[in-house]
Amino acid sequence: MEKFDTVTGLAAPLDRPNVDTDAIIPKQFLKSIKRSGFGPNLFDEWRYLDHGEPGMDNSTRPLNPDFVLNQPRYRGAVILLGRENFGCGSSREHAVWALLDQGFRVVIAPSFADIFFNNCFKNGVLPVVLPADTVEALFTATVATPGYALTVDLQAQQIVTPDQGAIDFDIEPFRKDCLLRGLDDIGLTLQQADAIRAFEDRHREAAPWLFDKQ
Amino acid sequence: MSGKTLYDKLWNAHLVREDGDGTALIYIDRHLVHEVTSPQAFEGLRLAGRQPWRTRSILAVPDHNVPTTDRTAGIADPVSRLQVETLDRNCAEYGITEFAMLDPRQGIVHVIGPEQGATLPGMTVVCGDSHTSTHGAFGALAFGIGTSDVEHVLATQCLILKKTGSLQIRVEGALAPGVSAKDVVLAIIGRIGTAGGTGYSIEFTGSTLQSLSMEGRMTVCNMAIEAGARAGMVAVDDTTIEYLAGRPYAPSGALWERAVTAWSGLHSDADAAFDRTVTLDAAQLAPQVTWGTSPEMVADINGVVPDPDDEADSVRRDGMRRALAYMDLQPGTPISSIRPDHVFIGSCTNARIEDLRAAASAIRGRRVHAGIKQALVVPGSGLVKQQAEAEGLHTLFTAAGFEWREPGCSMCLAMNADRLQPGDRCASTSNRNFEGRQGQGGRTHLVSPVMAAVAAVKGHFANAAEELD
């Protein structure tokens, strides 16, 4: 996993609540057995005017001019602004892979769905929860100011804005540490292998039927 | 000191260790695997040179991509075929039990787990699928995970988690005729919203839940994720035990007796304190129909499509406007005047035998309405299909004009060939009415099985209570 320390870049506003993972990456692209290559199909049904299928040359497909992320001013954005309940629905980690593949390292929203939120951390993407009025102010500034860029400093737990000072955010210490160091948490858990085996022995004793069949 | 909730008990019984900040290592008893979210996890395991920790905890099945028409010739779509073959190959390589596509026990992962007794009370159950919350109906702690966590469980049999809050949703009262578990859970989501359960695990309690069959409880827990909760669960009672007795993967003999004794403690203590409680009077409930593109956008059959202008919150108002434009509906339209042109009876929410019986009860002797272009029944598993055929339900459906299909996820998410075309309007027993969920441009109305069947024969939504004998 790529380390996350400081990210500076353009913010892009996706102004709708309940953006679900079906919208982030539609189902036909989940047939891939790889983790990469999802970027061109991020928000596929909103982004293009035609129906997308795996294997198409996305560079020749007609873009939807009304979709905000297609505006040239947001090209290269690395920070996505979202609304309530961002990432709801399916557990598909492909949603995070698609955001990352497209270049997004940070999503800022008033609230996230649980599984999406967790999936972000596994891939070096930082989901930042901020109060709704703070998010609203960032939306307003982003739309009003072409080239509006932010700096997200994970170590300091701050978002530095050009016009609103620095905004503090919370993050769980364990998740922060994993992101800063780019840690593979399977490796961390396997350091606890003896504790897991000891638990398993006690658990088998208490509930042997869990280990009886299958 | 107050007593423990069911969630507390399940959490404590699986706690391997906990750090000072509450980050915990939780042991996983059952790992269900399907073809869509597992290939990258197996690949990660292979690249790191790791082995599955406990292969006997894993049960695998292809369900999302499989065709629901004759499948003896294999899968026509080469991309889908590769994904299903990849699951077959991974299971063979690691010695994992798989109900492959042509196995009579194959079906939707959340239908076959309980059906086999592979889901048991007191278990932690995970799967790379958000509807894993279904299994909480058995007094289990069950939730969906992403692919990185699928790999984590494969490699370590554990997950790194933080405990959620506890939300009790108490549902009281006898359900009116034509009202089912699906209507209960849609009404709950309408009440608390799709983010209402975020940060919580829900325990469903109350007389209504106690009166539901296991199938009904699974329907309710299935959609806990649609309320944003990590998990949904129901306490163990006699209904739970009776359902599990004799199932292939359930314990037998002396172990069964011992297990039943242990399971009897799987309920919240009388003095347990929940972080939040919501109460719903189910006796007043009418059948529910969603009108928008989020499960919280729901009304009862006697209601009308709401007016965004009545919504005070601007973000919500814009969301409603966008939903009505997508759904091609006007504010004030009576729900009962909406005319679907497709009907889908299936999915991990509503494709169990009881669901098919309920749907069949509404169509006896009647025909699918001329305005319906396609009406599908997709049983949740091969065994559900066999049972339904033994009861003659399939002939009721096919005589009425429904197509009787092979088991799988099918048009719930349209990863296989079963999908809506742009502008199609579907009465669906599935769980998500998101834009494009059942096919790009398709419009989904979530309903119960009996409401879907009534819509099929009437050509418009109607109160199931008035259509049943």
For chain A, the option from B:Asn431, B:Leu82, B:Thr156 that forms the most heavy-atom pairs under 4.5 Å:
B:Thr156
Between A:His203 and chain B, with a heavy-atom cut-off of 4.5 Å, which part of the residue counts as in contact: side chain, backbone, both or neither?
side chain
Can you check whether A:Trp97 reaches A:Asn119 side chain to side chain, under 4.5 Å on heavy atoms?
no
In terms of heavy-atom pairs under 4.5 Å with chain A, the winner among B:Thr293, B:Asp149, B:Thr86 is B:Asp149
Between B:Ser80 (side chain) and B:Asp77 (backbone), is there a donor-acceptor pair under 3.5 Å?
no
Identify which part of B:Leu15 has an atom lying under 4.5 Å from any heavy atom of chain A, answering side chain, backbone, both or neither.
backbone
Considering only heavy atoms, which portion of B:Pro248 lies under 4.5 Å from any heavy atom of chain A: side chain, backbone, both, or neither?
backbone
Between A:Arg181 and A:Asp177, does at least one N-O distance fall below 4.0 Å, as a salt bridge requires?
yes
Tell me, side chain or backbone of B:Arg432 under 4.5 Å from chain A's heavy atoms, or both, or neither?
side chain
Check whether B:Glu435 gets within reach of chain A through its side chain, its backbone, both or neither, counting any heavy atom under 4.5 Å.
both
Below 4.5 Å from any heavy atom of chain B, which atoms of A:Phe112 appear? Answer side chain, backbone, both or neither.
backbone
For B:Glu226 and B:His131, which I'm curious about, is there any donor-acceptor pair between the side chains at under 3.5 Å?
yes
Ignoring hydrogens and angles, tell me if any N or O in the side chain of B:Trp263 forms a donor-acceptor pair with the backbone of B:Pro121 under 3.5 Å.
yes
Need one label for A:Ala195: side chain, backbone, both or neither, based on atoms under 4.5 Å from any heavy atom in chain B.
both
When only pairs under 4.5 Å are counted, which of B:Gly146, B:Gly228, B:Pro39 shares the most heavy-atom pairs with chain A?
B:Gly146
Honestly, the part of B:Trp53 sitting under 4.5 Å from a heavy atom of chain A is side chain
Between A:Pro26, A:Gly89, A:Pro54, A:Ala23, which shows the greatest number of heavy-atom pairs under 4.5 Å with chain B?
A:Gly89
Check each atom of B:Ala250 against the heavy atoms of chain A and say whether the ones under 4.5 Å are side chain, backbone, both or neither.
backbone
Salt bridge B:Asp318-A:Arg16, side-chain N to carboxylate O under 4.0 Å
no
Identify which of A:Asp44, A:Ile33, A:Leu188 forms the greatest number of heavy-atom pairs closer than 4.5 Å to chain B.
A:Ile33
Sequence neighbours left out, what passes salt bridge (charged side-chain N to carboxylate O under 4.0 Å, His left out) with B:Glu151? Give chain and number order.
A:Arg35
Identify whether the distance between the nearest side-chain nitrogen and carboxylate oxygen of A:Asp185 and A:Lys122 falls below 4.0 Å.
yes
Residue from B:Val150, B:Thr164, B:Asp129 scoring the most non-hydrogen pairs under 4.5 Å with chain A is B:Asp129
Are the charged groups of B:Arg419 and A:Glu53 less than 4.0 angstrom apart, N to O?
yes
Quick one: which of A:Asn123, A:Val96, A:Asp184, A:Thr21 has the most heavy-atom pairs under 4.5 Å with chain B, could you say?
A:Asp184
Side chain to side chain contact (heavy atoms under 4.5 Å, CB included), paired with B:Phe143, selected from B:Thr132, B:Val125, B:Leu159
B:Leu159
I'd like to verify something: which residue of A:Ala113, A:Ser90, A:Ala95 has the highest number of heavy-atom pairs under 4.5 Å with chain B?
A:Ser90
Under 4.5 Å, counting heavy-atom pairs only, tell me which of B:Asn416, B:Thr198, B:Leu255 racks up the most with chain A.
B:Leu255
Heavy-atom distance under 4.5 Å to chain A: side chain of B:Thr23, backbone, both or neither?
side chain
Do B:Arg321 and B:Glu311 sit within salt-bridge range, that is, some charged N less than 4.0 Å from a carboxylate O?
no
Part of B:Ile225 within contact of chain A (heavy atom distance under 4.5 Å)
side chain
Does A:Arg197 come within less than 4.0 Å of A:Asp194, counting only side-chain N to carboxylate O?
yes
Short N-O contact, B:Asp19 and B:Arg17, less than 4.0 angstrom
yes
Give the member of A:Gly55, A:Ala198, A:Ser111, A:Ala193 that has the highest number of heavy-atom pairs under 4.5 Å with chain B.
A:Ala193
Using heavy-atom distances under 4.5 Å, tell me whether A:Leu30 contacts chain B through its side chain, its backbone, both, or neither.
both
A:Gln28, A:Arg202, A:Glu172: which one forms the most heavy-atom pairs within less than 4.5 Å of chain B?
A:Glu172
If the threshold is 4.0 Å, N to carboxylate O, is there a salt bridge linking A:Asp20 and B:Arg437?
no
Under a 4.0 Å N-O cut-off, is there an ion pair linking B:Arg316 with A:Glu84?
no
Whatever's closer than 4.5 Å to a heavy atom in chain A on B:Arg322 counts as side chain
Please identify, among B:Gly22, B:Ala13, B:Gly117, the residue contributing the most non-hydrogen atom pairs under 4.5 Å to chain A.
B:Ala13
